[in-house]
Amino acid sequence: MKLLVTGGCGFIGSNFVKMILAMAPANQVVNLDKLTYAGNPENLAEVAGDPRYTFVRGDICDASAVEEAMAHRPDAIVNFAAETHVDRSIDSPGEFIETDVRGTYTLLEAARRHGLRFLQISTDEVYGSIEEGSFTEESPLAPASPYSASKAAGDLLVLSYVKTFGVEALIARSSNNFGLHQYPEKLIPLFITNLLEGRKIPVYGDGLNVRDWIYVRDNCAGLETVLRQGKAGEAYNLGGGNERNNLEITRALLALAGKGEECVEYVSDRPGHDRRYSLDCAKARALGWDPAHSLEEALQETYQWYVEHRDWWQPIKSGEFKRYYLAHYGDL
Ligand code: NAD
Ligand code: TYD
């Protein structure tokens, strides 16, 4: 199997590329990545010299860059490339519309031209917030942020290409991922690295928003299952089955760091902040997938990885992240 993976230098994409290459000697990956602030070639340093891995630097909105990647003749496309941070989408929505909508369209056109299977990596955030019960794949899309709205638009384009052009495309909607190589703007790596730096950790609002956390390796296993066995025109929910509110995650991280509640700073809430995400994953489980890691073990492993990889996150936190954070909050 030769895959064109887009956004492979990001958090989930890099974990996925390494998993695919480790799965079978015949597997090959072409990685098309623009290297935005979130793309880091170091995430794939361990496979950079593997002859089965090819890197193409380019933008998924640029049809000629996509064609350059296509020249490597992949069998399928897996689209991870996206702008992904809700807070940044509130500050500057334009890049989200560009990459998450136009980029998806550009890749779908390539899949159509070349007759390729296409897996769109989407998110539970497209369903919006749910007070009770869980979303199935049939639930209506009701996104609340420019990020989730642009991902929902991408999903709708995918489904239109199945119906109108017969493209063999499908969608995976994952819940909140965590694990190694996650950019320290997201809740878990931000809090871990702040605690390691002796900083406070900013909890939005009352801290009672609920997310369903999935360890990135479990998500990648689910994505591979959906890619291989999923049906064109269908979406598949991939949740970890670990619903926790933000204060519960905060307390678990404080315990790992051996620190107390005095490190918590309650800050003003995110505008449009979704209260709760929850996924019914029976459809993906029927394909034979199930998350294998417990939240507690995976959090411990993740915490330890950040303890041991300051060389990975410190340059980010004193560089691009610091500039973003100062512009956003005006303070550190
Ligand atoms: P990330 O922000 O860590 O990485 C995004 C990657 O995409 C980077 O390597 C970046 O350089 C690349 N990229 C961005 N714009 C590009 C463009 N125009 N052309 C080419 N490359 C571009 O993202 P992530 O957290 O790994 O998320 C990957 C995918 O999974 C996204 O589609 C996201 O919506 C989805 N997702 C993420 C989560 C999560 O918790 N992180 C949950 C559900 C779904
Ligand atoms: P995040 O990691 O940004 O993922 P998403 O918004 O896509 O779910 O945030 C996870 C939860 O943590 C969300 O409810 C917002 C909250 N949060 C904080 O309380 N403080 C923070 O500094 C961040 C980044 C997030």
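Please read these numbers as outputs of a predicted model, since none were measured by experiment. All ligand and atom numbering here is 1-based and tracks the order in the structure.
Of the heavy atoms in Asn176, only side-chain atoms (C-beta onward) come closer than 4.0 Å to ligand 2. Only the side chain of Leu190 comes within contact range of ligand 2, with a heavy atom under 4.0 Å; no backbone atom does. With a heavy-atom cut-off of 4.0 Å, Lys151 touches ligand 1 through its side chain alone. Using a 4.0 Å cut-off between heavy atoms, Leu35 contacts ligand 1 through its backbone alone, with no side-chain atom that close.
The shortest separation from a heavy atom of Ser14 to ligand 1 is not under 4.0 Å, leaving the residue out of contact. Within the structure, ligand 1 lacks Gly8 among the residues with a heavy atom less than 4.0 angstrom away. Between Ala65 and ligand 1 there is no heavy-atom distance shorter than 4.0 Å.
Closest protein heavy atom to atom 3 (O) of ligand 2: Arg270 NH2, 3.0 Å. Taking atom 43 (C) of ligand 1 as the reference point, the nearest protein heavy-atom neighbour is Ser174 O, 3.3 Å. Of all protein heavy atoms, the one closest to atom 37 (C) of ligand 1 is Ile12 CD1, 3.5 Å. Of the protein's non-hydrogen atoms, the one nearest atom 21 (N) of ligand 1 is Lys34 N, 3.1 Å. For atom 24 (C) of ligand 2, the closest heavy atom belonging to the protein is Glu185 O, 3.3 Å. Regarding atom 25 (C) of ligand 2, its nearest protein heavy-atom neighbour is Tyr204 CE1, 3.6 Å. Among protein heavy atoms, atom 13 (C) of ligand 2 sits closest to His273 NE2, 3.4 Å. Among protein heavy atoms, the minimum distance from atom 10 (C) of ligand 2 is reached at Leu187 CB, 3.9 Å. Protein heavy atom at the shortest distance from atom 4 (O) of ligand 1 is Gly10 CA, 3.4 Å. Taking atom 5 (C) of ligand 1 as the reference point, the nearest protein heavy-atom neighbour is Ala82 O, 3.6 Å. For atom 5 (P) of ligand 2, the closest non-hydrogen atom of the protein is Glu125 OE2, 3.5 Å. Residue, atom and distance of the protein heavy atom nearest to atom 16 (C) of ligand 2 are Asn246 ND2, 3.4 Å. Looking from atom 10 (C) of ligand 1 to the surrounding protein, the closest heavy atom is Thr36 OG1, 3.3 Å. The protein heavy-atom contact nearest to atom 42 (C) of ligand 1 is Ser175 O, 3.3 Å.
In terms of N/O distances under 3.5 Å, ligand 2 is not approached by Asn209. For ligand 2, one of its N or O atoms has an N or O atom of Pro202 under 3.5 Å away.
Of all atoms in ligand 1, numbered sequentially from 1 with element shown, those under 4.0 Å from a heavy atom of Thr84 are 1 (P), 2 (O), 23 (O), 27 (O), 31 (C), 33 (C). Annotation for ligand 1: atoms under 4.0 Å from non-hydrogen atoms of Asp59 are 17 (C), 18 (N), 19 (N). Every atom of ligand 1 with a heavy atom of Gly7 under 4.0 Å away is listed here by number and element: 6 (C), 7 (O), 9 (O), 12 (C). Residue Asn176 has at least one heavy-atom neighbour below 4.0 Å for each of these atoms of ligand 1: 40 (O). Heavy-atom proximity to Ala81, at under 4.0 Å, picks out these atoms of ligand 1: 7 (O), 20 (C), 21 (N), 22 (C). Heavy-atom proximity to Ser122, at under 4.0 Å, picks out these atoms of ligand 1: 43 (C), 44 (C). Here is the list of ligand 1 atoms found below 4.0 Å of a heavy atom in Phe80: 28 (C), 29 (C), 31 (C), 32 (O). The distance from ligand 1 to the heavy atoms of Cys9 drops below 4.0 Å at these ligand atoms: 9 (O).
Of the listed residues (Val56, Asn177, Thr123), the one carrying the non-hydrogen atom nearest atom 39 (C) of ligand 1 is Asn177. With Ile121, Asp62, Asp33, Ile60 as candidates, the residue nearest to atom 11 (O) of ligand 1 on a non-hydrogen basis is Asp33. Distances from atom 33 (C) of ligand 1 to the heavy atoms of Tyr147, Tyr183, Phe11 put Tyr147 nearest.
Looking only at distances, a side-chain donor or acceptor of Asp33 sits under 3.5 Å from a matching main-chain atom of Cys9. When atom types are taken as modelled, the side chain of Asp100 and the backbone of Glu83 share a donor-acceptor pair closer than 3.5 angstrom. In this structure, Asn237 contributes its side chain and Asp280 its backbone to a donor-acceptor pair below 3.5 Å.
The distance from atom CG of Asn242 to atom NE2 of His293, rounded to the nearest 0.5 Å, is 12.0 Å. Taking CG of Leu254 as the reference point, atom CD1 of Ile201 lies at 4.5 Å (rounded to 0.5 Å).
In this structure, the side chains of Gln182 and Val216 stay at 4.5 Å or more apart for every pair of heavy atoms.
If you run ring-ring contact (aromatic ring centres under 6.0 Å, His included) between His181 and each of Trp313, Trp312, Phe11, only Trp312 comes through.
A parallel orientation is assigned to the rings of Tyr127 and Phe135, their planes being inclined by less than 30° (bins at 30° and 60°).
For Tyr324 and Tyr37, the ring centers sit 6.0 Å or farther from each other.
Other residues, nucleotides and ligands contribute at most 12 non-hydrogen atoms within 6.0 Å of the CZ atom of Arg73.
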